[in-house]
Each structure stands twice: as structure tokens, then as C-alpha cells.
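Working notes, structure below.
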Amino acid sequence: MTQAAQSFSGSSLFTVTAPSGAGKSSLLAALIRKDPSLRLSISHTTRPPRPGEQNGREYHFTNIADFRKRLEEGEFLEHAIVHGNYYGTSKLSVLGQLDAGHDTLLEIDWQGARQIRKLFPETISVFILPPSISVLEERLVKRGQDSGDIIKQRILAADEEIRHASEFDYVIINYDFDLALAKLAAIVETARCRITRQAIKNRDLFAQFGIRCFTGL
Ligand code: GDP
Ligand code: ADP
Ligand code: 5GP
């Protein structure tokens with residue numbers, strides 16, 4: 001067990017990555033509705049809010065100068081430039097949620113997932129694939145939140161993002177939404193059954209049964 005994982009009180013950290021429009025935000029929102037004990041990290045971004053997005057709900061929206069200042073002050077666990085905008089994950093918020101015993105989800109791009117994997121090798125990483133590029137484009141158009149130019153840019157970027165799918169622990173193809181959601185929920189439940197985690201969360205029961213397991217604690 002790594003140093004980093006020890007401080008998580010047995011909580012799990014998940015990263016979920018996908019090309020824009022593959023369905024990660026809808027899947028994560030549905031997963032949290034099913035299991036409200038999960039926490040979603042709210043990233044900082046310099047991207048302007050889309051219609052209907054609220055500061056502090058989808059993102060902490062900020063400007064480049066403020067983002068760079070936070071970056072210099074070491075506020076981010078990871079950060080990346082995606083589609084020309086800065087995105088970053090708050091260190092205090094994520095570590096606080098994990099220490100409080102909450103399984104935590106990061107909805108971040110492949111560059112961020114790589115940084116998180118390096119920091120916390122026990123992170124469970126999931127890549128969401130669309131059934132095809134044409135379905136991806138259809139979903140972006142149907143979502144109706146981005147201009148034609150932005151959609152074109154995101155479709156071009158999808159190729160690059162998908163090239164990194166092999167770096168992830170799990171891949172889910174989001175063809176049928178409910179099926180994809182069930183698979184995501186199954187990954188979370190599987191992580192919860194890991195013996196190292198069960199040993200931390202059920203210390204007394206393990207002691208009663210005399211189960212000796214190295215948890216690193
Ligand atoms: P979406 O792809 O349609 O959900 O569009 P967004 O503008 O919400 O996200 C753009 C990209 O930034 C996606 O690849 C996200 O996974 C990524 N992203 C969001 N937040 C973060 C973050 O905190 N860190 C990193 N590295 N990437 C992020
Ligand atoms: P992302 O967060 O990856 O950019 P979204 O969650 O915003 O993607 O999904 C993009 C669009 O596709 C949304 O309008 C969403 O309702 C729709 N969508 C997601 N999954 C499916 C699916 N399995 N079948 C049909 N439409 C879907
Ligand atoms: P959007 O701007 O469409 O919400 O997100 C675009 C991309 O940025 C998505 O792939 C999303 O996962 C990624 N993203 C969002 N927040 C973060 C973050 O905090 N860090 C990283 N690395 N990527 C992020």
C-alpha cells in the first residue's frame with residue numbers, strides 16, 4: 001500500500017476520462033444520484049460557462065491570471081490545458097473528501113489522469129468510449145451547448161484523447177446509457193470490496209475473525 005493511499009481512510013479515488021460528448025458528465029451525475037455518498041470533485045477552469053452552468057456547481061469558473069496564481073501557490077493536485085482552456089483539480093478539496101471517508105470521482109482529461117496515477121498509484125481509472133465518432137458528433141450537436149466551431153474542435157481532439165484509452169484500468173463503451181451506468185457502478189463496488197480497503201473499513205470485524213491483512217497502517 002502506498003503512502004498516499006494510507007491517508008485516504010480506506011476511501012477510493014476514481015478518475016473518469018472520455019472525449020467531449022461521450023457521456024461522462026451524465027453518467028457521473030446519474031451514478032451520484034444512485035449513490036449520494038460519492039463525491040465529485042469540482043474543477044477550476046478558465047473556460048467560459050455554458051448556458052445553464054453555475055459557478056461552483058459544474059466548475060469554479062475563473063480567469064487565466066487567477067488560475068496561474070492558484071497554480072503557483074500549489075493549489076492543484078493536477079492541471080492541464082484542454083481545448084485551449086486551463087483545468088485543475090483542487091488538492092484541499094479532494095484530499096479532504098477522501099480523508100472524510102468519501103469515495104471521490106475526478107472527471108478529468110487523460111493528461112490529468114496521468115498525473116493523478118503518478119501521485120496515487122491506487123487510483124482506479126476509467127475511460128468512457130463513444131460507440132463511434134459519428135455518434136459522438138451527434139451527441140455534441142444534440143446537447144446543443146457548443147457552437148459548430150467548438151464541436152469541430154472537440155471532434156478533432158477526440159482522436160487524441162482516445163489514443164490514450166490504453167493507459168486506463170477499465171473501458172466502458174457508452175452505447176446504452178443504463179448499461180454503461182451499471183458497468184460504472186460495478187467498477188465502484190468492485191473497488192469497495194478490495195481486501196486492503198475492507199480491512200481498513202471493517203477493522204473490528206477483521207480482528208474478531210482473526211483475519212490478518214497488511215493494510216500499511
Ligand atoms: P466535456 O468534455 O463536454 O465534459 O467538456 P468540459 O469543458 O466540461 O471539459 C473539458 C475537458 O477538461 C474534459 O476532457 C474534462 O475531462 C477535462 N477536465 C475537466 N476538469 C478537469 C480538471 O480538473 N483537470 C483536468 N486535467 N482536466 C479536466
Ligand atoms: P461529456 O460530459 O462526456 O461531454 P455528456 O454527459 O454531456 O458528455 O453527454 C453528451 C450528450 O450525449 C448529452 O446530451 C447526453 O444526454 C447524451 N448521452 C450520453 N450518453 C448517452 C447514450 N448512451 N445514448 C444517447 N445519448 C447519450
Ligand atoms: P468541458 O469544458 O467540456 O466541461 O470539459 C472539457 C474537458 O476537460 C473534458 O475532457 C473534461 O474531462 C476535462 N476536464 C474538466 N475538468 C478538468 C480538470 O480539473 N482537470 C483536467 N485535467 N481535465 C479536466
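Both counts, for ligands and for their atoms, begin at 1 and track the order of listing.
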Q) Do I155 and L136 pass the side chain to side chain contact (heavy atoms under 4.5 Å, CB included) test, and can you show the C-alpha distance, the side-chain angles, and the key distance before you say yes or no? A) CA-CA 8 Å; I155 292 293; L136 186 70; 4.0 Å; yes

Q) Please state which protein non-hydrogen atom is closest to atom 4 (O) of ligand 2 and give its distance, to 0.1 Å? A) G21 N, 2.7 Å

(Q) Does only the side chain of H44 get under 4.0 Å from ligand 1, or the backbone, or both, or neither? Count heavy atoms. (A) neither

Q: Indicate, as side chain, backbone, both or neither, the part of E78 found under 4.0 angstrom from ligand 3 when only non-hydrogen atoms are considered.
A: side chain

Q | Protein heavy atom at shortest distance from atom 21 (C) of ligand 2 | A | R139 CZ, 3.5 Å

Q. Among K69, R70, R68, which one satisfies salt bridge (Lys or Arg N to Asp or Glu O under 4.0 Å) with D66?
A. R70

Q | Shortest heavy-atom approach to atom 24 (N) of ligand 1 - which of R50, E78, K24 | A | E78

Q: Check each atom of ligand 3 against the heavy atoms of R47 and keep those under 4.0 Å away; list them by number with element.
A: 1 (P), 2 (O), 4 (O)

Q. In the protein, what heavy atom is nearest to atom 8 (O) of ligand 2, and what distance, to one decimal place, separates them?
A. G23 N, 3.1 Å

**Q.** Ligand-residue contact atoms, ligand 1 with S25, heavy atoms, under 4.0 Å
**A.** 4 (O)

Q. Which atoms from ligand 2 have a heavy atom of Y175 less than 4.0 Å away?
A. 22 (C), 23 (N), 24 (N)

Q: Just go through S43, A157, S20, G21 and tell me whose heavy atom is the nearest to atom 19 (O) of ligand 3.
A: S43

(Q) For atom 15 (C) of ligand 2, what is the closest protein heavy atom, and at what distance to 0.1 Å? (A) S26 OG, 3.6 Å

**Q.** Atoms of ligand 2 close to N174 [distance to a heavy atom under 4.0 angstrom, numbered from 1]
**A.** 19 (C), 20 (N), 21 (C), 22 (C), 23 (N)

Q: Answer side chain, backbone, both or neither: which part of R143 comes under 4.0 Å from ligand 1, heavy atoms only.
A: side chain

(Q) To check your reading of the model: name the closest protein heavy atom to atom 13 (C) of ligand 3, its residue, and the distance in Å. (A) D109 N, 4.0 Å

Q) For ligand 2, which atoms have a heavy atom of P19 less than 4.0 angstrom away? A) 3 (O)

Q) Which is closest to atom 6 (C) of ligand 3 in terms of heavy atoms, F76, Y86, Y87? A) Y87

Q) Under 3.5 Å, N or O to N or O, is H44 touching ligand 3 that way? A) no

